[in-house]
There are 2 protein chains.
Amino acid sequence: MVTTPLHKDADLRRADSLAREIFSDIANKWALLIIDVLGKRTLRFSELRNEVEGVSHKMLTQNLRTLERDGLVHRKVYPTVPPRVEYTLTEPGLGLLAAIDAICGWTQQHYSYIQSARARFDA
Amino acid sequence: MVTTPLHKDADLRRADSLAREIFSDIANKWALLIIDVLGKRTLRFSELRNEVEGVSHKMLTQNLRTLERDGLVHRKVYPTVPPRVEYTLTEPGLGLLAAIDAICGWTQQHYSYIQSARARFDA
DNA sequence: CTGAATCCTGAACGATACTG
DNA sequence: CAGTATCGTTCAGGATTCAG
């Protein structure tokens, strides 16, 4: 496995296709938001749809599949009728959550800075 | 978990349009990669093009403009001929870099985990 | 309720050509 | 070298429908 020295041999930028693929899976709006909300608690599909505002049925399903495939999210199906499916972050998923929260936190903190930076730029 | 008062009034998920816009600006593949490479050193446009493998001329320009507008990247033009333009991370940009590096580091560390998770899923 | 499949539109993107 | 503009294509993603 590739160890941490980030910008060494297996650099993400010059990446082999797999690394790039993984990165693309998580470096997108919906995936990040989904992980963020699942970080708070386990959620059902329909709950996720409400929590992640603006996500479509299709995009939610699609991203959940990807995240499940990558082992970041666990999908538990209750064989009831109607079906009940719960999504939870896996252990590795929790690790990623920390990093994502850092980004979210940063965004919050620099909210007004960005606002004025834009005003300056647009002028 | 959540460090800053993230999930309070201005929650990213229920966000007003500006917050969502900002988040979209940075939560995408190219923006993250650009910030990542600029975190190492100041780079010229053509150098960036080489460092960020696979990015097109157009996408690079586009993302740089956005990042500049949001005040994450500083653009310095040398009025020479031929023109020389250098891109640097701003102070706030450096803050975001830390968060991004966390994600990159996480990806590296879980590289093989994801690989096997996928193998399991696909079976 | 969850999820898969289909269709269709608009946005993203790459290629190319042109300017300073 | 850096940047803009245009064009054509591809593809993401929304709406809808059907199934378990």
Side-chain angles (χ1 to χ4, degrees), chain A residues 13 15 17 20-34 37-38 41-70 72-89 121-122, chain B residues 13 15 17 20-34 37-38 41-70 72-89 121-122:
Chain A
R13 305 186 317 276
S17 55
R20 287 300 277 266
E21 203 186 315
I22 293 174
F23 193 68
S24 296
D25 281 351
I26 58 182
N28 83 65
K29 184 177 165 178
W30 294 133
L32 292 181
L33 288 173
I34 290 171
V37 301
L38 283 182
R41 63 189 185 90
T42 294
L43 290 168
R44 300 183 52 176
F45 183 85
S46 49
E47 291 173 326
L48 269 168
R49 200 141 153 47
N50 294 330
E51 291 295 316
V52 182
E53 181 146 323
V55 72
S56 68
H57 185 121
K58 184 182 179 180
M59 283 302 98
L60 184 55
T61 308
Q62 205 169 91
N63 278 277
L64 283 172
R65 285 295 158 277
T66 301
L67 293 175
E68 186 193 357
R69 186 167 111 97
D70 286 347
L72 304 183
V73 162
H74 175 69
R75 178 168 175 268
K76 179 164 186 180
V77 182
Y78 295 87
T80 61
V81 48
R84 173 192 185 83
V85 182
E86 287 183 350
Y87 292 91
T88 323
L89 283 189
F121 184 90
D122 294 340
Chain B
R13 304 187 317 277
S17 55
R20 287 302 276 265
E21 203 185 314
I22 294 174
F23 194 68
S24 295
D25 281 350
I26 58 182
N28 83 67
K29 183 177 165 178
W30 294 132
L32 292 181
L33 288 174
I34 289 171
V37 300
L38 284 182
R41 62 187 185 92
T42 295
L43 290 167
R44 300 182 55 175
F45 183 86
S46 49
E47 292 172 327
L48 269 168
R49 199 142 154 50
N50 294 329
E51 291 293 318
V52 183
E53 182 147 322
V55 71
S56 68
H57 185 123
K58 185 181 178 180
M59 284 302 99
L60 183 55
T61 308
Q62 206 168 91
N63 278 276
L64 282 173
R65 286 294 159 278
T66 301
L67 293 175
E68 185 194 357
R69 185 168 111 97
D70 287 346
L72 304 181
V73 163
H74 175 68
R75 178 168 174 267
K76 179 165 186 180
V77 181
Y78 295 86
T80 61
V81 46
R84 173 191 185 83
V85 183
E86 287 183 350
Y87 292 91
T88 322
L89 283 188
F121 183 90
D122 294 340

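Numbered from 1 within each chain, the chains take letters A, B, ... in sequence-line order. It should be emphasised that the depicted structure is a prediction, and the values quoted were computed from it without experimental measurement.
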Here the residues of residues 75-85 of chain B within 4.0 Å heavy-atom distance, strictly under, of DNA chain D are Arg75(B), Pro82(B), Pro83(B), Val85(B)
Rounding to a whole Å, what distance do you find between Leu64(B):CG and dG3(D):C1'?
-> 11 Å
Of the listed dA15(C), dA15(D), dT2(C), the closest approach to the Lys58(B) side chain comes from dA15(C)
Please name all residues satisfying side-chain hydrogen bond (donor to acceptor under 3.5 Å, both in side chains) with Gln62(A), sequence neighbours left out, ordered by chain then number.
-> none
Could you state the CD-C1' distance from Gln62(B) to dA11(C), rounded to the nearest angstrom?
-> 10 Å
With sequence neighbours left out, write down each residue that passes side-chain hydrogen bond (donor to acceptor under 3.5 Å, both in side chains) with Asn28(A), or none if nothing qualifies.
-> none
Would you kindly give the CG-to-C1' distance between Leu43(B) and dA2(D), to the nearest whole Å?
-> 15 Å
Short side-chain N/O contact from Ser56(B) to OP1 or OP2 of dA15(C), under 4.0 Å | no
Nearest-0.5 Å distance that lies between atom CD in Glu47(B) and atom CG in Leu38(B) = 10.0 Å
Taking side chain as C-beta onward, heavy atoms only, is Asp70(A) less than 4.5 Å from Phe121(B)?
-> no
Answer with yes or no whether His57(A) presents, from its side chain, a donor or acceptor under 3.5 Å of a partner atom in the base of dG3(C).
-> yes
Should Tyr87(A) and Leu67(A) count as side-chain neighbours, where that means a heavy-atom distance under 4.5 Å?
-> no
Rounded to whole angstrom units, what separation is found between the CD atom of Glu68(B) and the P atom of dA2(D)?
-> 14 Å
In whole angstroms, how far is the P atom of dG3(C) from the CD atom of Glu47(A)?
-> 13 Å
Sub-4.5 Å side-chain heavy-atom contact between Val73(B) and Thr88(B) | no
Hey, does Thr61(B) have a side-chain heavy atom less than 4.5 Å from the side chain of His57(B)?
-> yes
CG of Leu60(B) versus P of dC13(C): gap in Å, rounded?
-> 13 Å
dT2(C) phosphate, OP1 or OP2, under 4.0 Å from Arg44(A) side-chain N/O = yes
For dA2(D), take OP1 and OP2 only and decide whether either is under 4.0 Å from a side-chain N or O of Ser46(B).
-> yes
Specify the separation, in whole Å, of atom CE of Met59(B) and atom C1' of dC13(C).
-> 5 Å
Interatomic distance, Arg49(B) CZ vs dG3(D) C1' [rounded to whole Å] = 12 Å
In terms of side-chain heavy atoms of Arg65(B), which of dT2(C), dT4(D), dA15(C) is nearest?
-> dT4(D)
So, is Tyr87(A) near the phosphate of dG3(C), with a side-chain N or O under 4.0 Å from OP1 or OP2?
-> yes
